[in-house]
Protein chains: 4
Amino acid sequence: MSAKTKSQPGRPRSVEADRAIHQATLNLLAEVGYDRMSIEAIAARAGVGKTTIYRRYTAKEELVADAIESRREEVEVPDVGNLWGDLDLIITSATQMTLDPLGRQIVALIISTASNSPQFAQVYWTKYLQPRRQAFNSAIARAKTRQEITTDIDADLVFDLISGIMLYGLVFPPTTESYQAYVRRAISLVLKI
Amino acid sequence: MSAKTKSQPGRPRSVEADRAIHQATLNLLAEVGYDRMSIEAIAARAGVGKTTIYRRYTAKEELVADAIESRREEVEVPDVGNLWGDLDLIITSATQMTLDPLGRQIVALIISTASNSPQFAQVYWTKYLQPRRQAFNSAIARAKTRQEITTDIDADLVFDLISGIMLYGLVFPPTTESYQAYVRRAISLVLKI
Amino acid sequence: MSAKTKSQPGRPRSVEADRAIHQATLNLLAEVGYDRMSIEAIAARAGVGKTTIYRRYTAKEELVADAIESRREEVEVPDVGNLWGDLDLIITSATQMTLDPLGRQIVALIISTASNSPQFAQVYWTKYLQPRRQAFNSAIARAKTRQEITTDIDADLVFDLISGIMLYGLVFPPTTESYQAYVRRAISLVLKI
Amino acid sequence: MSAKTKSQPGRPRSVEADRAIHQATLNLLAEVGYDRMSIEAIAARAGVGKTTIYRRYTAKEELVADAIESRREEVEVPDVGNLWGDLDLIITSATQMTLDPLGRQIVALIISTASNSPQFAQVYWTKYLQPRRQAFNSAIARAKTRQEITTDIDADLVFDLISGIMLYGLVFPPTTESYQAYVRRAISLVLKI
DNA sequence: CGGTAAGCGAGACGGTACGTCGCGTCTTAAG
DNA sequence: CTTAAGACGCGACGTACCGTCTCGCTTACCG
């Protein structure tokens, strides 16, 4: 008895509107950034009444979090055969997200708001951090198998340290070397290799 | 004699107004936070016309950066005789900044905006990070002298890693242990001690 | 059936707001006069957002012209049986308008602005001048019937002359006699009676 | 001995500044009109500090009245040998004042403010009306001498009626004939010629 | 199959804050 | 003691969005 799809009375919410709202939100986020992005502009861009947005979301945060979450985004789990190859892929994948304007805005937004807004922190965690942490754990496990790493390491803490330095490097970009080189140097130090 | 202090024509800007604006800005920042803080309210609180603020700053960022910069803040360079004692003092000093509301807001603000605004990044760097980096370097040097540390380490990079994990821990607070314990564990790992 | 009353989409404009705006405008006009009357004050007095006013009117002139026009004002067409009786009523009716503060302000405003603003001139013409001109024409016609007047006169031009002297007398009030006496003297001269 | 030119202590007021202020005031009056003309703009245009203006005048009215009064303006008293010739000259002289922008603004200003501001009424009276009234009186007197006019007329009242119709014609311009023709027709009627 | 109930676009509503302009006063140093 | 310059506290400007509220009009389902 699938009572799950119990239909409510009245006209159902339009999925077209959902899509249009998500799209408009992401476009505007990329173009003007979170702060300068007005609900009014989103509604106009999506060709939708403001009511239709406010019926779905009570706060701008919710709206944007949902829009970000709706983005299809694959995090590939690489296995190129050696540790540094895997790590480079992970770093690159994490970094290239900041290359298009939307990615930059999303990162900036997460940094800005994650600490205040569980909303965003959650989305960011499950959507971006979690998959990469898993990929990282797998890479480390494989490296141990290959005996590239012999010592016991706290993979989670190492991952956090690397995430931390990457975050820090975005906020205060290194001046004497490239971002990539800087991060690689940090990883070396942490992994003692 | 250089004519540096060449006086401009016209009535000079009021230093009283400067002070009042700084004070009102910091108070409101602590009370309602950066986003909800209106220029109008600052002017009212400071007993000053809006013009007087707009004459000095073209953007809210500038105003707040300047107000933060104007705060007298001593970063003591501790020397308690052993490495962990020194490190604990540094961590604590960095952490306790987030204890009063103003400190919390300032940190949140820096995290929020530093990546977008060179303005804030610069202030944060010279006012908060730089002194602590120096203190850290001294502590490491003393530890070497005492032979608590024998290996050669890249103190700057280590400092960045620690700063990074502290930042990361603010954005995604650890769930299974205290912030302090989390940071100590990370430092241990990085310093291999 | 013509589709004249084709209803626009969206929420219709509030007639309550219309009324409140008119009333507040007239009150403030009477209290402080046109120049010192701020849109902000009107909005506050009417319990209405500034936007609601700016949505309806692009200029203060328009707003005030509309408010004045909305005033119900009867111009009685007198017939007391002889010419001078009729004329006195017309003069009095025109004059007494300046007795309450609102009337004074409206007259002052029309005098001030009519030459610059077709807006006001039009309102004043159709609302105040036209009815009186008609009343005057009727009075003259009746006087001819009664043979109080024998010569042929250009009633419109005479009316303009009288209006002119009344205007002139408001701008440069006579010093040696009353306004009413001054106007009567002028009418005598023009009508050669 | 002539203590008239008793010199005050301190620096005397600059007559250059006086002239510059007058000139700037008249220029701006012509360009943007009385209402939109700001003291700040006058000071800037005149190359003068605001203080210098406020020291001389306490109100905008005073300033403008003084500037207008300072204008050199000749009202010629014509005598061309017959009444209508004289009258035409007077009408023309009065009318052509409204041809350049400054003239238009001055007339509009006088109409606007004369009834409220004795200041302006006085200036307008002595500077513009009085001379023309005298010219008119002379013309009438000469016409009597020439026996162009035989009846006794109240020249002052007639002048006021003509002034009135000219004012009225400026506020509500005649639509079926020229201003000049309209005024001539009115004069005919009043003078019964 | 016709009624009922929610969703929809549009856009007006009372507000708050924006950044600008001008007011009339004041404070400088220079003359 | 005046001057040019220009900062000051203040009040209003006209605009942009906020989140809420009507409108007339679809949609769907349910009895």
Side-chain angles (χ1 to χ4, degrees), chain A residues 6-14 16-17 36-44 46-60, chain B residues 6-14 16-17 36-44 46-60, chain C residues 6-14 16-17 20 36-44 46-60, chain D residues 7-14 16-17 36-44 46-60:
Chain A
K6 176 87 160 295
S7 70
Q8 275 96 320
R11 176 174 175 176
R13 295 206 178 155
S14 154
E16 271 194 51
R36 284 205 291 258
M37 176 178 65
S38 71
I39 304 276
E40 214 130 55
I42 294 172
V48 139
K50 278 198 290 178
T51 330
T52 304
I53 295 181
Y54 281 111
R55 194 175 293 114
R56 288 161 165 72
Y57 308 100
T58 54
K60 199 171 157 185
Chain B
K6 176 87 159 297
S7 75
Q8 282 101 289
R11 177 174 174 176
R13 300 223 171 135
S14 153
E16 272 195 50
R36 282 206 288 263
M37 175 178 69
S38 73
I39 303 276
E40 216 137 51
I42 295 173
V48 139
K50 275 198 287 180
T51 328
T52 303
I53 295 181
Y54 283 112
R55 197 176 288 119
R56 289 163 164 70
Y57 309 100
T58 53
K60 201 170 157 186
Chain C
K6 176 87 160 296
S7 74
Q8 284 100 285
R11 176 175 176 176
R13 301 227 172 131
S14 154
E16 271 195 50
R36 283 205 288 262
M37 174 177 69
S38 73
I39 303 277
E40 215 138 52
I42 294 172
V48 139
K50 274 196 288 179
T51 328
T52 302
I53 295 181
Y54 282 112
R55 198 175 288 118
R56 287 162 166 70
Y57 309 100
T58 54
K60 201 171 156 185
Chain D
S7 71
Q8 273 94 325
R11 176 174 172 177
R13 293 206 178 155
S14 153
E16 272 194 51
R36 286 207 290 260
M37 176 179 65
S38 71
I39 303 276
E40 215 131 52
I42 294 172
V48 139
K50 279 199 287 178
T51 330
T52 305
I53 295 181
Y54 281 111
R55 194 173 293 113
R56 288 162 166 71
Y57 309 100
T58 54
K60 200 172 158 186

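Letters A, B, ... mirror the listed sequences (proteins, then strands); counts begin at 1.
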Rounded to whole angstroms, how far apart are [atom1] on [X] and [atom2] on [N]?
X	N	atom1	atom2	value
Ile39(D)	dA5(F)	CD1	P	17 Å
Tyr57(A)	dC18(F)	OH	P	16 Å
Glu40(C)	dT15(F)	CD	P	13 Å
Ile53(D)	dT2(F)	CD1	C1'	15 Å
Arg13(A)	dG9(E)	CZ	C1'	16 Å
Gln8(B)	dA4(F)	CD	C1'	15 Å
Tyr54(C)	dG14(E)	OH	P	15 Å
Arg11(C)	dA12(E)	CZ	P	10 Å

Quiz prompt | Closest-nucleotide 5' rank along DNA chain E - winner of Arg36(D) and Pro12(B) | solution = Arg36(D)
Quiz item: DNA chain E: Ser14(C) or Ala41(B), which has the more 5' nearest nucleotide?
Solution: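 Residue closer to the 5' terminus by nearest nucleotide: Ser14(C).
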Quiz prompt | Proximal nucleotide (of dA4(F), dT2(F), dG9(E)) relative to the Thr52(A) side chain | solution = dG9(E)
Quiz prompt | Results of side-chain hydrogen bond (donor to acceptor under 3.5 Å, both in side chains) for Arg56(A) - residues two or more places apart only | solution =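 Arg56(A) satisfies side-chain hydrogen bond (donor to acceptor under 3.5 Å, both in side chains) with Asp18(A) only.
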Self-check item: Nearest-nucleotide 5' precedence on DNA chain F, Gly10(A) against Thr58(A)
Solution: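 First, find each residue's nearest nucleotide; the 5'-ward one identifies Thr58(A).
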Exercise. Drop me the distance from Lys60(A)'s NZ to Met37(A)'s CE, to the nearest 0.5 angstrom.
Key: 5.0 Å
Is there a donor N/O on one and an acceptor N/O on the other, under 3.5 Å, for the side chain of [X] and the base of [N]?
X	N	value
Thr51(B)	dA7(F)	no
Lys50(C)	dG14(F)	yes
Ser38(A)	dA16(F)	no

Quiz item: Just checking Arg56(C): base, sugar-phosphate only, or nothing, at a heavy-atom cut-off of under 4.0 Å?
Solution: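 Sugar-phosphate contact only - Arg56(C) comes under 4.0 Å of backbone atoms but never of a base.
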Self-check item: Heavy-atom pair with the smallest gap, counting every atom of Ile53(A) and Ile42(A)
Solution: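 Looking at all heavy atoms of both residues, the shortest contact is CD1-CG2, 3.8 Å.
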